[in-house]
Number of protein chains: 2
Amino acid sequence: MKTRQQDILKTTIADFIYTAEPVGSKTLQSKYKINCSPATIRNELKTLVDEGYLEHVHTSSGRVPTDKGYRYFVDKLSEKQTMPAQEELWFKEQFQHMGSNIQDMLIQLTELMSSVMDYTTIVMLPSIFQESLKAAHLVLVDIDTVLITLMSTLGMNHQAVVNISGDVNQEDLTKIANLLTHKLGGQSFSALDNIDVDYLIKELPSYKGVFEELVLSIGKMNESLKSQKSIYTKGKGNMLRLPEFENISYAREVMECLEETKVLHQLMQRHIDTGTVEAFIGGENGVESLSQCSVLMAPYTVEGKTVGSISVLGPKRMDYARLMALIHRLSGMIEDQMKPQEV
Amino acid sequence: MKTRQQDILKTTIADFIYTAEPVGSKTLQSKYKINCSPATIRNELKTLVDEGYLEHVHTSSGRVPTDKGYRYFVDKLSEKQTMPAQEELWFKEQFQHMGSNIQDMLIQLTELMSSVMDYTTIVMLPSIFQESLKAAHLVLVDIDTVLITLMSTLGMNHQAVVNISGDVNQEDLTKIANLLTHKLGGQSFSALDNIDVDYLIKELPSYKGVFEELVLSIGKMNESLKSQKSIYTKGKGNMLRLPEFENISYAREVMECLEETKVLHQLMQRHIDTGTVEAFIGGENGVESLSQCSVLMAPYTVEGKTVGSISVLGPKRMDYARLMALIHRLSGMIEDQMKPQEV
DNA sequence: ATCTGGCACTCAGATAAAAAGAGTGCTAAG
DNA sequence: CTTAGCACTCTTTTTATCTGAGTGCCAGAT
């Protein structure tokens with residue numbers, strides 16, 4: 001593409017991102033210094049339309065970027081940014097106050113992000129399926145009550161309190177816990193669904209009854225973990241401020257879509273493998289109702305495995321470079337935060 | 001108030017709740033069997049307007065209920081309902097699958113409620129300030145790592161993993177945990193902010209270093225618990241379907257308000273003491289932005305103390321009797337669910 | 001007294017026509 | 001290849017008119 005064409009495309013998109021109004025040849029010339037007459041600009045605009053980078057909303061209106069146009073803008077016409085030092089400091093400060101619990105940290109991050117970015121933020125926690133058991137702990141908290149704690153390699157601990165009918169003491173429980181850790185440690189949480197009770201009983205025959213009760217409880221606990229929320233969003237209201245949401249039925253459609261955890265889950269899952277920060281512009285995100293929105297996504301990776309992602313969802317008209325820099329760096333910070341949990 | 005007037009008021013409000021359109025005298029006569037002419041109805045309507053139960057949106061439109069009208073409708077013209085047996089069964093069934101963790105149970109309930117009620121549901125978890133410590137447990141999970149578990153009387157357990165620099169073994173930790181439980185058990189979580197270290201050291205002098213580290217960690221843990229989310233909402237998108245939200249700027253105002261955890265917290269807190277299911281109609285809820293909405297609230301109580309509440313937020317035009325019955329019963333179910341945790 | 005039919009009146013909302021404005025596309029000349 | 005000029009298109013805004021639901025009130029009926 002010719003340099004001047006690129007300039008014009010870039011300026012057009014930049015202006016549209018700013019104003020949300022179709023951009024005309026006159027505006028381009030007067031508002032930005034482009035060294036040619038409106039007529040020349042018009043000619044260039046025409047070819048840009050023909051080539052699919054821009055479109056006419058109607059015969060006598062300015063031009064609006066197409067998905068292809070945005071794509072080119074992001075890939076070729078934008079410089080990669082990094083998170084400003086000041087913002088980085090601020091976020092680091094915030095991380096200090098977030099406590100060591102990974103779940104809560106990510107949930108709180110969702111809020112921080114939406115307040116800084118002014119759009120909707122979506123955070124996907126590591127799903128239970130991606131966690132492996134690091135250790136099981138059993139604590140006798142009362143004569144017939146046991147606190148089960150399952151620690152995962154990702155630092156997401158899960159616990160439940162269950163009643164046990166048989167007699168047990170703490171020593172026995174510790175033995176059992178050790179055995180469980182030994183037998184199941186390193187395995188995926190999904191293995192907890194059908195624990196080989198017989199094997200356990202063979203190892204410590206005297207605890208038959210306790211084993212059975214515990215295994216049942218762990219299975220039930222695991223089941224409820226599976227149905228647990230792993231997607232958090234914040235800042236849906238932010239979107240309603242944007243001119244593209246003036247249309248109430250469109251706003252409704254998007255809002256309802258954003259409340260469908262399933263849809264969001266698919267959205268996040270579908271693109272998580274890419275492993276890098278990515279922008280999904282308009283239709284690229286694959287969700288019909290969100291085809292007028294863009295999604296920026298940064299996966300976070302623990303031990304080489306992508307376990308979750310953070311993202312921003314906004315109008316296609318967004319500051320891609322800045323936001324991508326933000327989530328990129330944030331995902332790095334998450335990874336740092338999750339690392340120390342590894343032992 | 002005369003019986004006929006009551007009839008007319010009731011019918012008017014019922015019709016408005018159904019159609020969301022101002023109700024005229026003709027509609028009242030033709031659609032519902034009221035034994036008098038439109039002119040008579042008009043006269044009655046006029047006095048109802050004069051007395052503040054209805055209002056005119058403009059000179060030549062039908063009547064719309066005022067807050068006072070709704071109030072009268074709810075208090076005097078509606079019969080108390082109970083949750084239908086079928087629905088009750090369904091909810092009980094759902095509770096089975098929710099796992100024993102109170103937090104998760106309430107979060108999941110928020111979603112269930114919004115799907116059944118079609119409005120926005122708000123659930124307030126017991127705040128950390130209302131919990132008392134039941135027991136502390138310390139588990140050595142690694143040579144220098146301790147898992148702290150603080151169990152509350154409400155069954156909301158909190159935990160954190162911390163690194164300890166000094167040498168400890170499980171036996172020591174168990175002693176410490178017992179001491180902590182003994183010293184702090186029954187006290188409010190807020191007491192955890194400034195634990196009397198000296199006292200502890202006096203009891204078990206050899207653990208000075210460990211104590212100090214642990215107490216610091218517990219303090220930090222407690223701090224992060226305080227900032228934790230205790231309000232959950234669901235179904236904000238449901239509202240956008242309603243005709244009262246056709247106006248985008250109004251919709252935006254409400255949506256943004258519903259994203260302000262602080263505001264919601266105040267809203268819930270302000271009315272929690274009433275101790276019974278309550279309807280706050282329009283302006284009664286005390287939040288400026290929500291003055292066109294009604295809030296139905298059912299507190300839930302543990303050991304005679306109200307610790308949280310569940311509520312539905314919708315347009316003033318809602319089925320008060322039905323929804324109040326629902327949340328009333330649900331709050332009872334929550335209480336049942338929280339009881340077994342008491343020992 | 002209370003109810004009711006009749007009728008003039010009000011006002012929001014729909015429909016239509018006209019005017020304004022932004023921006024294009026094309027042509028012909030520089 | 002660039003640009004000024006101009007006719008043309010299509011949306012948006014403005015203004016005017018019409019329609020109809022619904023009221024308020026009066027005068028006569030019950």
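To find a chain, count down the sequence lines: A is the first, B the second, and so on, and within it residues start at 1.
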- Ignoring hydrogens and angles, tell me if any N or O in the side chain of A:D67 forms a donor-acceptor pair with the backbone of A:G283 under 3.5 Å.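 Flag set: sc A:D67 to bb A:G283 pair under 3.5 Å.
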- Donor-acceptor contact present, side-chain A:T40 to main-chain A:C36, <3.5 Å: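 Between the backbone of A:C36 and the side chain of A:T40 there is no qualifying donor-acceptor contact (under 3.5 Å).
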- Query: For B:K31, does the NZ atom sit with more than 12 other heavy atoms under 6.0 Å from it, leaving out its own atoms?
  - Reply: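 Enclosed.
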- Item | Heavy atoms from other residues, nucleotides or ligands near NE2 of A:H328 exceed 12 (cutoff 6.0 Å) |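 No - once you tally the heavy atoms of other residues, nucleotides and ligands closer than 6.0 Å, there are 12 at most.
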Looking at [Y] and [X], is there a salt bridge between them, counting it only when a charged N and a carboxylate O are closer than 4.0 Å?
X      : Y      : answer
B:E55  : B:R63  : no
A:R329 : A:E87  : no
B:R317 : B:E244 : yes

- Query: So how far is it from A:M124 CE to A:Y232 OH, rounded to the nearest 0.5 Å?
  - Reply: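 So the gap between those two atoms works out to 13.5 Å.
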Spacing between [X] atom [atom1] and [N] atom [atom2], to the nearest angstrom:
X      : N      : atom1 : atom2 : answer
A:K46  : C:dC26 : NZ    : C1'   : 10 Å
B:L48  : D:dG22 : CG    : C1'   : 17 Å
A:I41  : D:dA4  : CD1   : P     : 11 Å
A:E246 : D:dT12 : CD    : P     : 13 Å
A:Q5   : D:dT2  : CD    : P     : 11 Å
B:H58  : D:dA21 : NE2   : P     : 12 Å
A:H56  : D:dT9  : NE2   : P     : 14 Å
B:N43  : D:dG24 : CG    : P     : 9 Å

Please produce a list of atom pairs where a protein N or O lies less than 3.5 Å from an N or O of nucleotides 5-7 of chain D.
unit_1: D:dG5; atom_1: O6; unit_2: A:R42; atom_2: NH2; d: 3.4

- Item | Residues in contact with DNA chain C, drawn from residues 9-31 of chain A - heavy-atom cutoff 4.0 Å |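 Within this stretch, A:G24, A:S25 sit under 4.0 Å of the strand.
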- Message: What I want to check is whether an N or O donor and acceptor connect the side chain of B:S60 with the base of C:dT10 at under 3.5 Å.
- Response: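 Indeed, a donor on one side and an acceptor on the other fall under 3.5 Å apart.
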- For B:R63 and D:dA21, is the shortest distance between a side-chain N/O and OP1 or OP2 below 4.0 Å?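 No, B:R63 has no side-chain N/O under 4.0 Å of OP1/OP2 on D:dA21.
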- Query: Reckon B:R4 has a side-chain N or O less than 4.0 Å from the OP1 or OP2 of C:dC3?
  - Reply: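 Indeed, a polar side-chain atom of B:R4 lies that close.
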- Message: Does B:T40 reach a base, just sugar-phosphate, or nothing at all? Heavy atoms under 4.0 Å.
- Response: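 Base contact.
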- Query: Is the NZ or CZ atom of A:K68 both under 6.0 Å from the centre of the six-membered ring of A:Y53 and within 45° of that ring's axis?
  - Reply: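 Pair A:K68/A:Y53 counts as cation-pi.
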- Task: Name the closest nucleotide to the B:L45 side chain, picking from C:dA12, D:dT23, C:dT24.
- Result: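 Closest of the options to the side chain of B:L45: D:dT23.
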- Query: Where the side chain of B:C36 is concerned, which of D:dG24, C:dG25, C:dT4 is the nearest nucleotide?
  - Reply: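 Of all the options, the side chain of B:C36 is nearest to C:dT4.
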- Query: Side chains of A:R241 and B:E256: does their closest heavy-atom pair fall under 4.5 Å?
  - Reply: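 Yes, close enough: below the 4.5 Å cut-off.
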- Query: Which comes earlier along DNA chain C counting from the 5' end, the contact point of B:E44 or that of B:V57, where each point is its nearest nucleotide?
  - Reply: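 Nearer the 5' end of the strand: B:E44.
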